[in-house]
Amino acid sequence: MKAVLLKLNYPFSYGVNPFIEEINEDALDWAKKFNLLPSEESAKQFDEGKLNWFSARLYPTADPEGLFLTCCWTTLFFLADDICDKVPVGQQKAYVEGLYKTCMDILQNEPVSFEKDNVFEACFVDLWQRFKQRADSEWLTWYIQEMKDYFEAWIQEAEHLDHNEYFQLEDFLHQRPYFSGGRVCLSMVSLATKFHLPHYIYQNPVVQELMHIAASVPALANELHSLGKELKAENRISNLISLLREARQLTFSSAIDEILDIHNKALVRFQELKLQLPSVDPQTDSELLRYVQALEAMSSGNHEWAMNDTNRYYDTFSFSDMDYEQ
């Protein structure tokens with residue numbers, strides 16, 4: 001299966017954020033402080049999974065504070081997602097809805113206090129206060145909307161799992177960048193690395209399409225990265241390969257090829273769009289190119305983390321095509 005993953009084709013690479021070793025320790029201390037990693041064993045397992053290297057790959061140009069904030073956010077939601085996977089079928093929607101209510105109460109009602117025994121709430125309140133100190137009002141509004149879209153899509157996924165119902169293929173392809181967290185990670189690009197761009201630039205149709213691809217490509221790649229983990233857990237309902245085989249009567253290998261084709265064509269389209277960027281003035285144009293390179297790093301960084309850093313997807317690497325067909 002690893003040979004298949006190597007067919008995910010990225011014409012760029014941006015490496016690892018140089019501050020990761022220092023920030024990894026700070027982010028681990030943050031998680032321990034809030035009891036997010038309640039034992040030495042849980043902290044050790046988390047660290048061995050190199051989960052903070054995910055942010056270091058996605059945001060290689062982030063400054064130390066920006067990298068710290070993204071590490072803490074991804075720590076919180078990686079763990080929340082892992083907990084959701086262990087929630088009994090029939091109860092997952094209620095679990096996600098509870099997280100949604102907590103987050104929206106914090107983002108919209110500006111709480112001055114929180115339940116100290118609620119680890120997730122305490123962490124999210126702390127991060128929101130830190131985000132408000134770093135970001136402007138336009139970014140905060142953007143982030144709130146992305147969080148809404150994220151949870152609404154995640155609730156839909158959880159409902160399908162609870163009822164053992166497959167997504168419609170097109171609906172899944174549309175929703176995957178949202179419930180995967182890809183769209184939130186996209187907004188985090190501008191939190192992690194500060195860009196001096198007028199807000200209207202982000203609304204340009206070419207830039208919007210580039211942003212969409214930057215959120216979609218990692219989600220497509222993750223369909224392959226996480227395949228072993230999902231199928232080992234018999235999670236076929238929310239997996240693109242299973243949906244493709246069901247909807248188009250494809251073999252396993254043909255479904256893999258279809259995902260690779262969609263993924264690689266999206267990257268080709270990204271390169272075409274780079275040639276169509278709006279031109280404003282030399283300084284803005286230079287800054288916009290820097291932003292587009294940060295979007296590229298989201299795609300290649302996600303894949304490089306899965307292939308080189310984390311042990312999270314070893315189940316996929318060790319499975320053969322025959323294992324999946326069975």
Side-chain angles (χ1 to χ4, degrees), residues 10 12-34 36-37 46-47 49-78 107 123-147 181-199 201-202 207 210-211 214-215 218 277 280 282-305 308-310:
Y10 298 89
F12 39 75
S13 176
Y14 291 91
V16 183
N17 191 293
F19 303 112
I20 183 55
E21 294 288 351
E22 170 192 349
I23 297 305
N24 181 54
E25 293 299 320
D26 292 342
L28 283 173
D29 288 343
W30 178 86
K32 292 175 184 177
K33 170 187 172 183
F34 285 98
L36 195 57
L37 298 172
F46 181 89
D47 200 30
K50 294 274 191 146
L51 294 190
N52 286 330
W53 267 252
F54 176 76
S55 292
R57 292 278 190 182
L58 258 65
Y59 313 113
T61 59
D63 60 48
E65 181 188 27
L67 181 60
F68 172 78
L69 292 175
T70 57
C71 282
C72 294
W73 190 95
T74 53
T75 293
L76 179 60
F77 281 91
F78 264 127
L107 295 175
C123 290
F124 197 78
V125 167
D126 183 73
L127 284 175
W128 181 233
Q129 298 303 323
R130 292 173 185 266
F131 287 1
K132 288 191 296 182
Q133 291 174 10
R134 179 173 172 89
D136 61 26
S137 60
E138 289 176 332
W139 185 88
L140 295 171
T141 300
W142 178 12
Y143 172 73
I144 291 172
Q145 184 60 54
E146 293 295 358
M147 288 296 293
R183 290 288 309 192
V184 182
C185 288
L186 172 66
S187 70
M188 292 277 188
V189 169
S190 297
L191 180 77
T193 302
K194 293 185 176 181
F195 298 95
H196 304 289
L197 286 170
H199 189 67
I201 290 290
Y202 294 108
V207 177
L210 286 166
M211 292 164 66
L277 289 172
V280 180
Q283 183 175 355
T284 302
D285 293 355
S286 176
E287 196 71 352
L288 178 56
L289 180 58
R290 194 167 73 96
Y291 177 69
V292 170
Q293 290 170 340
L295 296 183
E296 289 179 330
M298 268 192 68
S299 297
S300 60
N302 171 74
H303 180 62
E304 289 166 357
W305 174 72
N308 302 316
D309 301 320
T310 186

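If you read the sequence from its start, that first residue is 1, and numbering goes on from there. Below, each value reflects all heavy atoms present in this structure, side chains not excepted, and no hydrogens, waters or symmetry copies.
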Contacts of type ring-ring contact (aromatic ring centres under 6.0 Å, His included), residue [X], not counting sequence neighbours:
{"X": "Phe77", "answer": "Trp73, Phe120, Tyr150"}
{"X": "Phe19", "answer": "none"}
{"X": "Phe195", "answer": "Tyr291"}

Begin with the C-alpha distance, continue with both residues' side-chain angles, and end with the deciding distance and a verdict on side-chain contact (heavy atoms from CB on, under 4.5 Å) for Val207 and Leu288. CA-CA 9 Å; Val207 177; Leu288 178 56; 4.1 Å; yes

If you take the centroid of each ring, where Trp contributes its six-membered ring, are Trp128 and Phe124 closer together than 6.0 Å? no

From CA spacing to verdict: side-chain contact (heavy atoms from CB on, under 4.5 Å), Asp136, His199: CA-CA 11 Å; Asp136 61 26; His199 189 67; over 6 Å; no

Got a second to check how far [X]'s [atom1] is from [Y]'s [atom2], nearest 0.5 Å?
{"X": "Leu197", "Y": "Gln283", "atom1": "CG", "atom2": "CD", "answer": "10.0 Å"}
{"X": "Leu295", "Y": "Met298", "atom1": "CG", "atom2": "CE", "answer": "7.5 Å"}
{"X": "Arg290", "Y": "Thr61", "atom1": "CZ", "atom2": "OG1", "answer": "6.0 Å"}
{"X": "Leu36", "Y": "Cys123", "atom1": "CG", "atom2": "SG", "answer": "4.5 Å"}
{"X": "Leu127", "Y": "Leu69", "atom1": "CG", "atom2": "CG", "answer": "7.0 Å"}
{"X": "Leu289", "Y": "Leu277", "atom1": "CG", "atom2": "CG", "answer": "7.5 Å"}

State, yes or no, whether a side-chain contact exists between Phe131 and Leu191 at a heavy-atom distance under 4.5 Å. yes

Do the non-hydrogen side-chain atoms of Ser55 and Phe68 ever get within less than 4.5 Å of each other? no

Evaluate the criterion side-chain hydrogen bond (donor to acceptor under 3.5 Å, both in side chains) for residue pair Tyr14 and Glu296; output intermediate values, then yes/no. CA-CA 8 Å; Tyr14 291 91; Glu296 289 179 330; 2.4 Å; yes

Of Asn17, Asn24, Thr70, the residue whose pairing with Asn52 passes side-chain hydrogen bond (donor to acceptor under 3.5 Å, both in side chains):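 It is Asn24, the one option of Asn17, Asn24, Thr70 that forms the side-chain hydrogen bond (donor to acceptor under 3.5 Å, both in side chains) with Asn52.
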
What pair of heavy atoms forms the shortest contact from [X] to [Y], and how long is it?
{"X": "Phe12", "Y": "Ser299", "result": "CE1-CB, 4.4 Å"}
{"X": "Pro64", "Y": "Ile23", "result": "O-CD1, 3.6 Å"}
{"X": "Glu304", "Y": "Ser13", "result": "OE2-OG, 2.7 Å"}
{"X": "Ser190", "Y": "Tyr202", "result": "OG-OH, 3.4 Å"}
{"X": "Asp309", "Y": "Lys50", "result": "O-CG, 3.5 Å"}

Give a yes or no on whether the backbone of Cys71 and the side-chain of Thr74 come within a donor-acceptor separation of less than 3.5 Å. yes

State whether the side chain of Thr310 and the backbone N or O of Gly49 hold a donor-acceptor pair below 3.5 Å, judged by distance alone.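 A pair under 3.5 Å: yes.
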
Salt-bridged, Lys33 to Asp29, with N to O below 4.0 Å? no

Starting from the C-alpha separation in whole Å, work towards a yes-or-no answer on ring pair (Phe, Tyr, Trp, His ring centres under 6.0 Å) for Tyr143 and Trp139. CA-CA 6 Å; Tyr143 172 73; Trp139 185 88; 5.1 Å; yes

Identify, with sequence neighbours excluded, every residue that meets salt bridge (Lys or Arg N to Asp or Glu O under 4.0 Å) alongside [X].
{"X": "Arg134", "value": "Asp63, Glu65"}
{"X": "Asp26", "value": "none"}
{"X": "Arg183", "value": "Glu146"}

If you apply the rule side-chain contact (heavy atoms from CB on, under 4.5 Å), what do you find for Val16 with Trp53, and how did you get there? CA-CA 8 Å; Val16 183; Trp53 267 252; 4.1 Å; yes

